[in-house]
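Position 1 is the first residue of the sequence, and the numbers go up from there.
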Amino acid sequence: WRNFTMAKQLISEVLKNTGKLKTKAERMEYLRKNNHPALRDVLRIAFDADVVSMLPEGTPPFTRDDAPKGMEYQNLYRAHRRFKYFFKGPTAMGLKAIRRESMFISLLESLHPEESEMLCLAKDKKLKITGVTKKLVSDTFPNLITK
C-alpha cells in the first residue's frame, strides 16, 4: 500500500501559494509553516550558486505521470533524498552521466507533472515564482543559502 498524503500540498503548490501572498512577512510565515527538508532542498537548488547540477540543462524527454493529484507514485517529500545523485558532490561524481540522467528521468516520471516541471526549472536556476526570491529564502531560512 502506498503512503497516501492527500492533505499535504505538493512542494510546487507551496511555492505557488507563497507567491500569491501579499506581504513578505506573510510569505515568510507561510514558508516556515510548510518547512520540510524537501522544500529547503528545492529552494537551495534554485537559489544557491554552490549547488551545481550535474545534469544537462533543460527538461529531458520523459513520460509525464497522469495519476490524479495526490495519487502519484512519488512526491518530493520522499524523493528529495535522491538529489545527492544529481548535484555536484561525492555521490554524484561516482556515477556515470548516463546512469545519473536515467535516474533523474525515472524520478521525473514518478512525480506529479507540476513537481517535475518545477524541479527541472530549479536545477537550471530558472525557477521564477513572483514573490519567491533568493532574499526571501535567505531571510526565512538563515544559513540555507551560502552563495
Side-chain angles (χ1 to χ4, degrees), residues 3-62 64-65 69-70 72-147:
N3 178 13
F4 292 106
T5 51
M6 299 278 290
K8 192 174 251 186
Q9 300 176 79
L10 298 174
I11 299 286
S12 54
E13 292 176 307
V14 170
L15 293 176
K16 270 187 197 164
N17 291 339
T18 302
K20 291 177 186 172
L21 297 170
K22 298 281 182 247
T23 68
K24 180 179 177 183
E26 288 175 322
R27 290 192 287 268
M28 289 173 69
E29 183 183 332
Y30 188 76
L31 284 174
R32 283 189 188 119
K33 191 180 100 188
N34 289 283
N35 187 11
H36 187 277
L39 174 65
R40 292 192 310 273
D41 283 352
V42 169
L43 292 170
R44 270 201 72 215
I45 290 165
F47 295 113
D48 194 335
D50 273 350
V51 179
V52 179
S53 173
M54 300 285 291
L55 297 160
E57 192 162 332
T59 302
F62 71 97
R64 296 188 186 313
D65 184 6
K69 192 179 273 184
E72 54 280 322
Y73 180 72
Q74 184 74 270
N75 64 41
L76 288 177
Y77 292 107
R78 292 193 304 269
H80 79 279
R81 291 180 196 92
R82 288 196 250 158
F83 289 173
K84 65 185 173 199
Y85 297 108
F86 311 128
F87 299 93
K88 201 171 214 160
T91 308
M93 302 301 242
L95 281 180
K96 287 186 165 55
I98 190 78
R99 175 77 179 120
R100 182 182 313 110
E101 290 167 31
S102 68
M103 286 172 68
F104 188 66
I105 289 169
S106 173
L107 172 63
L108 294 176
E109 289 178 343
S110 70
L111 296 170
H112 187 277
E114 268 182 31
E115 286 201 311
S116 297
E117 180 185 339
M118 182 208 57
L119 185 56
C120 287
L121 290 170
K123 89 167 167 66
D124 293 337
K125 310 284 189 220
K126 294 180 178 174
L127 185 65
K128 304 279 186 262
I129 298 172
T130 308
V132 180
T133 62
K134 185 174 183 172
K135 173 105 174 85
L136 175 78
V137 174
S138 293
D139 291 348
T140 306
F141 303 113
N143 307 321
L144 180 67
I145 296 176
T146 56
K147 259 190 193 170

Exercise. Taking everything shown except K88 itself, do over 12 heavy atoms lie less than 6.0 Å from its NZ?
Worked result: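 No.
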Exercise. Is it true that atom CD of E29 has more than 12 heavy atoms of other residues, nucleotides or ligands lying nearer than 6.0 Å?
Worked result: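 Not buried by this count: 12 neighbours or fewer within 6.0 Å.
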Any chance you could measure [X], atom [atom1], to [Y], atom [atom2], to the nearest 0.5 Å?
| X | Y | atom1 | atom2 | value |
| --- | --- | --- | --- | --- |
| M93 | M54 | CE | CE | 4.5 Å |
| D65 | H112 | CG | NE2 | 8.0 Å |
| S106 | R82 | OG | CZ | 6.0 Å |
| K135 | T140 | NZ | OG1 | 9.5 Å |
| T130 | K20 | OG1 | NZ | 11.0 Å |

Problem set entry | side chain to side chain contact (heavy atoms under 4.5 Å, CB included), paired with E13, selected from L15, L10, I11 |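 Checked L15, L10, I11 against E13; only one passes side chain to side chain contact (heavy atoms under 4.5 Å, CB included): L10.
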For this session: I would like to know whether E72 and L111 meet side chain to side chain contact (heavy atoms under 4.5 Å, CB included); could you show each step before the answer?
Result: CA-CA 6 Å; E72 54 280 322; L111 296 170; 5.9 Å; no
Exercise. Under 3.5 Å, is there a donor-acceptor pair between the E114 and S12 side chains?
Worked result: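 Checked: E114/S12 side chains pair up, N/O donor to acceptor below 3.5 Å.
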For residues [X] and [Y], report the shortest heavy-atom separation together with the two atoms involved.
| X | Y | value |
| --- | --- | --- |
| A92 | F87 | CB-O, 3.2 Å |
| K125 | A46 | CD-O, 3.4 Å |
| R100 | L95 | NH2-O, 3.0 Å |
| L43 | L144 | CB-CD2, 4.3 Å |

For this session: Please step through side-chain hydrogen bond (donor to acceptor under 3.5 Å, both in side chains) for the pair S53 and D124, ending with a clear verdict.
Result: CA-CA 7 Å; S53 173; D124 293 337; 5.3 Å; no
Exercise. Cation over ring, K123 on F86, under 6.0 Å and within 45°?
Worked result: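 No, K123 does not lie over the aromatic ring of F86.
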